[in-house]
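What follows is a set of notes on a single structure, which appears directly below.
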2 protein chains.
Amino acid sequence: MIRILLAEDQAMVLGALAALLNLETDLDVVGCAKNGNEALQLCQTANPDVLVTDIEMPGMTGLDLAAQLKALKSKTRVLILTTFARPGFLRRALEAGVNGYLLKDAPADQLADAVRRVAQGLRVIDPELALAAWSDPNPLSERERQILNLAGTGLTNQEIAETLHLAEGTVRNYLSETLAKLDARNRVEAYRLAKQKGWL
Amino acid sequence: MIRILLAEDQAMVLGALAALLNLETDLDVVGCAKNGNEALQLCQTANPDVLVTDIEMPGMTGLDLAAQLKALKSKTRVLILTTFARPGFLRRALEAGVNGYLLKDAPADQLADAVRRVAQGLRVIDPELALAAWSDPNPLSERERQILNLAGTGLTNQEIAETLHLAEGTVRNYLSETLAKLDARNRVEAYRLAKQKGWL
DNA sequence: CTGTTCACATGACAAATGTCATAAAAAAGT
DNA sequence: ACTTTTTTATGACATTTGTCATGTGAACAG
């Protein structure tokens with residue numbers, strides 16, 4: 001019997017996924033968490049075989065959660081179940097030590113199979129997504145990502161400079177370099193592209 | 001036996017929701033659609049009692065779908081199941097004639113109850129969301145919304161002007177008026193706010 | 001210790017954005 | 001037919017964004 005913990009911030013989806021997995025006679029959903037912190041706690045008390053988790057959750061993301069479990073040398077294997085077919089997310093997921101990465105637009109019957117494979121120690125990742133991840137590396141430096149993130153929220157260059165303790169001209173330079181790297185005409189295009197690619 | 005059609009672009013969530021609803025002995029999921037067009041076709045052939053649909057789907061949104069069913073004088077009642085707690089979406093949903101509006105962060109057991117109530121001709125809407133909808137009207141005109149939508153994709157004022165067959169100065173005037181209405185300092189802030197409020 | 005690289009800064013300039021006053025044409029109301 | 005309202009446009013100006021050349025200081029390599 002494979003013991004599963006589910007983490008997903010949308011309660012409706014959480015309950016539905018639990019119903020789906022509990023249809024399988026060899027799978028048992030032992031806990032449901034609505035956020036990363038709750039999931040971390042439940043992993044430590046219930047010690048499930050597999051954690052199935054979304055990425056975007058309040059407080060702690062699924063990627064943070066995976067990294068934490070790895071740091072704690074937990075035996076629980078992590079299967080990411082997310083909306084985002086973004087190579088940047090997959091790369092970060094692998095770096096965080098996850099064992100599987102499944103998209104929510106995959107057929108529902110793949111979930112149970114993926115959970116079984118992950119429980120056996122196999123890695124479950126869509127091959128096309130894996131290929132895109134390595135052929136589409138994040139071209140932005142850490143500073144560029146910080147600045148683009150802030151620019152995408154509507155902060156002015158001056159406000160970004162104050163936030164990051166840089167000169168306003170430095171921010172303009174970094175942004176200009178970022179636009180060139182992403183082949184974007186302005187910060188709006190750059191931000192959307194980077195978001196879409198999972199680089200932010 | 002209440003016959004249900006599900007529409008949701010994420011196959012995993014679609015299958016999970018079907019599993020959840022099929023646990024109830026008085027509910028029967030007679031079809032699953034991955035997009036609005038497919039859902040519309042299935043509604044006409046399967047003639048379900050209730051359509052449970054997301055809003056954001058490729059091709060035709062759940063709101064467009066509801067409006068189409070209304071125009072066709074279909075007997076199928078529509079229950080929206082969405083991520084967005086945005087008053088603007090709820091208002092548009094009611095205008096489109098939907099019978100229920102449920103958020104995906106509601107508990108899973110509320111879905112079956114909501115489907116039953118909608119099937120009985122009752123309206124199912126979170127009261128707090130309803131209140132927010134009417135106390136937070138969309139301040140933007142149709143033209144302002146068109147222009148802000150395009151600005152949010154990174155188009156320049158000149159490009160927006162060409163797209164909408166206006167003068168570039170006219171676009172600047174409309175955008176300036178929009179920023180004033182939303183108390184935003186620039187188009188990025190305005191776009192994010194309007195998106196968050198469901199006004200776009 | 002010296003040379004190179006990287007992160008950050010300065011300054012000048014062009015282009016784009018945003019503000020505001022004013023006005024013309026079309027649509028709507030009387 | 002006339003008046004009012006709405007939509008769109010023009011022009012001037014200020015501010016912000018983006019480009020680019022050049023430079024400084026810290027960190028790193030030899």
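Lettering of chains follows the sequences in order, A, B, ..., and the numbering in each one begins at 1.
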CD1-CG distance between B:Ile4 and B:Asp28, expressed to the nearest 0.5 angstrom: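 CG of B:Asp28 is found 7.5 Å from CD1 of B:Ile4.
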CG on B:Leu200 to NZ on B:Lys195, rounded to 0.5 Å: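 Answer for the NZ-CG pair, B:Lys195 versus B:Leu200, is 6.0 Å.
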A:Ala46 backbone acceptor or donor facing A:Arg3 side chain under 3.5 Å: yes
Pairing of A:Lys75 and A:Asp49 as salt bridge, 4.0 angstrom limit: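 No, no charged N to carboxylate O under 4.0 Å.
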Flag for A:Arg187-A:Asn157: side-chain donor and acceptor within less than 3.5 Å: yes
N/O donor to acceptor pairs below 3.5 angstrom from side-chain atoms of residues 145-154 of chain B, sequence neighbours left out:
from     : atom 1 : to       : atom 2 : distance (Å)
B:Arg145 : NH2    : B:Glu142 : OE1    : 2.9
B:Gln146 : OE1    : B:Arg143 : NH1    : 2.8
B:Thr153 : OG1    : B:Leu150 : O      : 2.7

In whole angstrom, what separates [X]'s [atom1] from [N]'s [atom2]?
X        : N      : atom1 : atom2 : value
A:Asn157 : C:dT10 : CG    : P     : 14 Å
A:Leu179 : C:dA16 : CG    : P     : 13 Å
A:Arg187 : C:dA15 : CZ    : P     : 18 Å
A:Leu166 : D:dT24 : CG    : P     : 20 Å
A:Leu164 : C:dA9  : CG    : P     : 10 Å
B:Leu175 : C:dC20 : CG    : C1'   : 15 Å
A:Gln158 : C:dA9  : CD    : C1'   : 13 Å
A:Glu168 : D:dT19 : CD    : C1'   : 13 Å

Nearest-nucleotide pick for A:Ser176, side chain only, options being D:dG18, C:dT19, C:dT17: D:dG18
Listed nucleotide nearest any side-chain atom of B:Asn186, set C:dG18, D:dT8, D:dT17: C:dG18
Which atom pairs, donor and acceptor, lie under 3.5 Å between side-chain atoms of residues 64-71 of chain B and protein residues at least two apart or in another chain?
from    : atom 1 : to      : atom 2 : distance (Å)
B:Asp64 : OD2    : B:Thr61 : N      : 3.2
B:Asp64 : OD2    : B:Thr61 : OG1    : 3.1

Given DNA chain D, 5'-ward residue of the pair B:Arg172 and B:Arg143, judged by closest heavy atom: B:Arg143
Donor-acceptor pair under 3.5 Å, A:Asn173 side chain vs C:dT10 base: yes
Bend angle of the helix from C:dC1-D:dG30 to C:dT30-D:dA1, from helix axes over five pairs at each end, nearest 10°: 40°
Touch class at under 4.0 angstrom, heavy-atom based, for B:Thr170 against every strand present: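 If one applies the 4.0 Å heavy-atom cut-off, B:Thr170 turns out to touch a base.
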